[in-house]
Amino acid sequence: QVRLVESGGGLVQPGDSLKLSCTASGRTFTTYAMGWFRQAPGKEREFIAAIRGSNMLYNDSMKDRFTISSDNAKTTANLQMDSLKPEDTAVYYCAASPKLYGSDRYYYTSRAYDYWGQGTQVTVSS
């Protein structure tokens, strides 16, 4: 069994920064990508960023404020979030993909990921 655990969420004010971390444990598998998604109340799950090999993939609307990083073994993935806005309020999920696709574009979708964390709440409010 594979387990992903997110940490670092919380309540912050607009303009603040926050760093989320995700750690994978359990059954060993080849991780081809690790990603971050978020879901706000009443909205669909939204892609934020992913690391596939040496490639960093970003949602264009967030790439100026969010930065993803990972260790070489792809057992941890971090998401640095700067200049946070109230509309960033959501549950943030870490995900890992054991699937090898020929194109990066698949890793922008939740279907590429088999393993998910339980989510961590981020609330941006004054």
Backbone of Thr76 reached by a side-chain donor or acceptor of Ser70 within 3.5 Å: yes
Interatomic spacing from CE in Met62 to CZ in Phe47 - rounded to 0.5 Å: 9.0 Å
Sequence neighbours excluded, every pair satisfying disulfide bond (SG atoms under 2.5 Å apart) that has a member inside residues 24-72: none
Check: Lys99 side chain, Arg111 main-chain N or O, donor-acceptor pair, under 3.5 Å: yes
Set of residues satisfying salt bridge (charged side-chain N to carboxylate O under 4.0 Å, His left out) with respect to Arg3, sequence neighbours excluded: none
Test item: side-chain donor near acceptor, Gln121 and Thr123, under 3.5 Å: yes
Non-hydrogen side-chain atoms of Lys85 and Arg65 separated by less than 4.5 Å: yes
Under 3.5 Å, side-chain donor or acceptor atoms of residues 9-23 against the rest of the protein: list the pairs with distances, not counting sequence neighbours.
{"unit_1": "Asp16", "atom_1": "OD2", "unit_2": "Gln13", "atom_2": "N", "d": "3.0"}
{"unit_1": "Ser17", "atom_1": "OG", "unit_2": "Asp82", "atom_2": "OD1", "d": "2.8"}
{"unit_1": "Ser21", "atom_1": "OG", "unit_2": "Asn78", "atom_2": "OD1", "d": "3.0"}

Tyr106, OH: over 12 other non-hydrogen atoms inside 6.0 angstrom: no
Minimum heavy-atom distance Cys94-Glu6, with the two atoms named: N-OE2, 2.8 Å
Check: Tyr108 side chain, Ala49 main-chain N or O, donor-acceptor pair, under 3.5 Å: no
Short side-chain to backbone donor-acceptor contact, Ser97 and Ala112, under 3.5 Å: yes
Check against side-chain contact (heavy atoms from CB on, under 4.5 Å), Tyr92 and Gln39: CA-CA 7 Å; Tyr92 285 69; Gln39 189 165 19; over 6 Å; no
Check: Phe37 ring centre within less than 6.0 Å of Trp116 ring centre: yes
Donor-acceptor under 3.5 Å (Tyr101 side chain, Tyr32 main chain): no
Side-chain (Thr89) to main-chain (Val124) donor-acceptor, under 3.5 angstrom: yes
pair Asp88-Phe66: side-chain heavy atoms closer than 4.5 Å: yes
From CA spacing to verdict: side-chain contact (heavy atoms from CB on, under 4.5 Å), Thr31, Tyr115: CA-CA 10 Å; Thr31 305; Tyr115 305 112; over 6 Å; no
Heavy atoms of other groups near Glu44 CD, more than 12 under 6.0 Å: no
